[in-house]
Amino acid sequence: MNATSEPMTGSQRAIWAVVVLVIVALVIVRSMIGTGMGRVYVEQEDMAFVQLAASVDDASESVSEPKWVRTNSEQGKTYLDRNPDANVIGWMEYTQVDPKAYFVQEAASANASTASTTTAAAGPGPIMLSWPRTIGLWVAAFFTLAIFSFLYRDNPFYKFAESVVVGVSAGYWMVIGFWDVIVPNLIQRLNPWFSQQFFTPGMELPATMADYWPNLYYLIPLILGLMLIMRLVPKCGWFSLWPLAFIVGTMAGLRMVGYIEGDFLSQIKASIIPLYEEGSVTTTPFRTVWSTIWASLANILIVIGVLATLVYFFFSIEHKGVVGGTARVGIWYLMITFGAAFGFTVMGRIALLAARIEFLFDDWLWLIDPNEQRTIVESAVGLLM
Amino acid sequence: MQVLTRSIPLLITGLAGLVMILSAFFPYTSDWGKIAGNFFNIIAAFAFVLGGGNLLKIHLKKVSDQSEGWGYSGVILVCFITTLVVGLGKLGAYPNPDFPNVRLSGETQSSGGFWWAYEYVFKPLTATMFSMLAFYVASAAFRAFRAKNFEAILLLGTAFIILLGRTFAGVLVTGFISPDGPLGGLRLEELSVYVMQVFNTAGNRAIMIGISLGIASTSLKILLGIDRSFLGSGD
């Protein structure tokens, strides 16, 4: 794990070139064996909608709003038959399916005599190779390997992947901030008519101007937000102090109350527990006594642990004598807590690592199939054939 | 200038904090807290714009100066702008089926180019980066963990119990102990649960109580204007 940034020597470059060429060659060979590798299949569904015109109900004298319904629904079909020139909008939607669904479809279509079964197996639409998703899968595999290459040392592949993650994540959070916060909290309030027309057609508009006026309070965060961006202009940088002060103030107020209520009080309350507790296992008298001892011991150890650790955190008194002894017990509890946290962190990272390796070997290389995405049940194929 | 850069920001901090505290105590003011929370979210979203602007500023300069590694700055800029355009324009995303005529009405993260960028670029890259920490944590542990004293033995021992207790190997190691016997609690998987439920709970509780006291006192110092470090140098 040498992650230095020193320039590579000629021989190191040669080693890199050989390693990359070997990987590429192996991948090419793998893609030609059996059913291949690294492909994503999708099921296509035609999403077409017809706009029903506004209608007047004579009985109630109410006017219904124009609305969109699927063309393949009963209402849509009837309306289209009567109004062939009605406004229709449509697109194709693609849902990812397991490769085995495609294999089954191919096996079925190879045998013309099982045409009826083919229709049943294919579902709502035909299953086909998705080029965007397949390219995406290969891109993801490349980036995964590029990041892992850092385990050997810093290299151009890693630097490229690192730059991509910086650029994409910056853009990602900006987009999320716009669609999830700015649109619903700011644009919807300041200009509901614009928002309804272009972004959130389902929203309700303010009935009167009196309902709308309170929304103008939201000019304040808009102005503060713009002031924050002024930090990019060197001479106007001080403008950003006002929104910064607002952010710090709200967070301080919110956290102060939240932590006292949610952590301080609730943790103290949770630590005030009975030191004698009857066990839950009552199969035999021995087990009952044993279970009670363990349950009571657990509660005693929790109370002692919380108090001892708090004593350790109390630095106003010198840790000597009884206080020192108690603080030492507190340190033992803290060590156990840190050990457990370390164990969990390692396990979490190893689980992530396993997930990435599974992605490479299962989704990309098709070398393993733990979720049976590609394994066709022989009996099902037999039925089709 | 002192008023604009010191007095008014301190006033804003105090008032904003006061509103949040009052909203927790008085039912009449609970809406104020919600509104202030919304304001906070909106300003935080603008902070992303500030971050993006800063990124553009720094890397455009690197590219224009052709300083070392400017090619990677170019990659950052291309990826950033592409993600932004694809995401803000919801390119390729399906509209909301209830409003198929409104192109931007659909979900950003369920289809289209932005979903593609998330699924095939952002997610694998970040997951792989985090997964690499497994190697570094293991390497650091190998170098740093030495059972030199009782405290270090406790830390090391607990980490092993937790790690082994949640794997097949751990179950095998103490498999000879009968789960129904009096020593059943010493099986690694049981021990790991006991450590988590008792010792870890006690330690974490004390840590959380300490953190909450620390946050409350820091917050008070900020709201009362005693701690002004967030306003920059000079205070």
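Residue numbering restarts at 1 for every chain, and letters A, B, ... go by the order of the sequence lines.
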Is there any residue in residues 69-78 of chain B with a non-hydrogen atom under 4.5 Å from a non-hydrogen atom of chain A, and which ones are they? B:Tyr72, B:Val75, B:Ile76
Answer with yes or no whether the side chains of B:Thr128 and A:Arg356 bring together a donor and an acceptor at under 3.5 Å. yes
If I measure from the heavy atoms of chain A, does B:Met196 come under 4.5 Å with its side chain, its backbone, both, or neither? side chain
Parallel, tilted or perpendicular for B:Phe122 and A:Tyr172, by the 30°/60° rule? parallel
Angle class for the A:Trp332/B:Phe150 ring planes (parallel below 30°, perpendicular above 60°, tilted otherwise)? perpendicular
Go through it in stages, so that I can follow the logic: the residues are A:Arg328 and B:Glu151, the test is salt bridge (Lys or Arg N to Asp or Glu O under 4.0 Å), and I'd like the CA-CA distance, side-chain angles, deciding distance and then a yes or no. CA-CA 9 Å; A:Arg328 194 167 162 76; B:Glu151 284 82 5; 3.0 Å; yes
Hits for ring-ring contact (aromatic ring centres under 6.0 Å, His included) against A:Tyr218, two or more places apart or cross-chain, chain-then-number order -> B:Phe39
Region of B:Asp98 in contact with chain A, defined by heavy-atom distances below 4.5 Å: backbone
Which atoms of B:Phe114 come close to chain A, meaning under 4.5 Å heavy atom to heavy atom: side chain ones, backbone ones, both, or neither? side chain
Relative to chain B, which segment of A:Phe344 carries a heavy atom at a distance below 4.5 Å: side chain, backbone, both, or neither? both
Nearest atoms (heavy-atom pairs only) where B:Val102 meets A:Phe199: CG1-N, 4.5 Å
Angle between ring planes, B:Tyr194 versus A:Trp294, binned at 30° and 60°: parallel, tilted or perpendicular? perpendicular
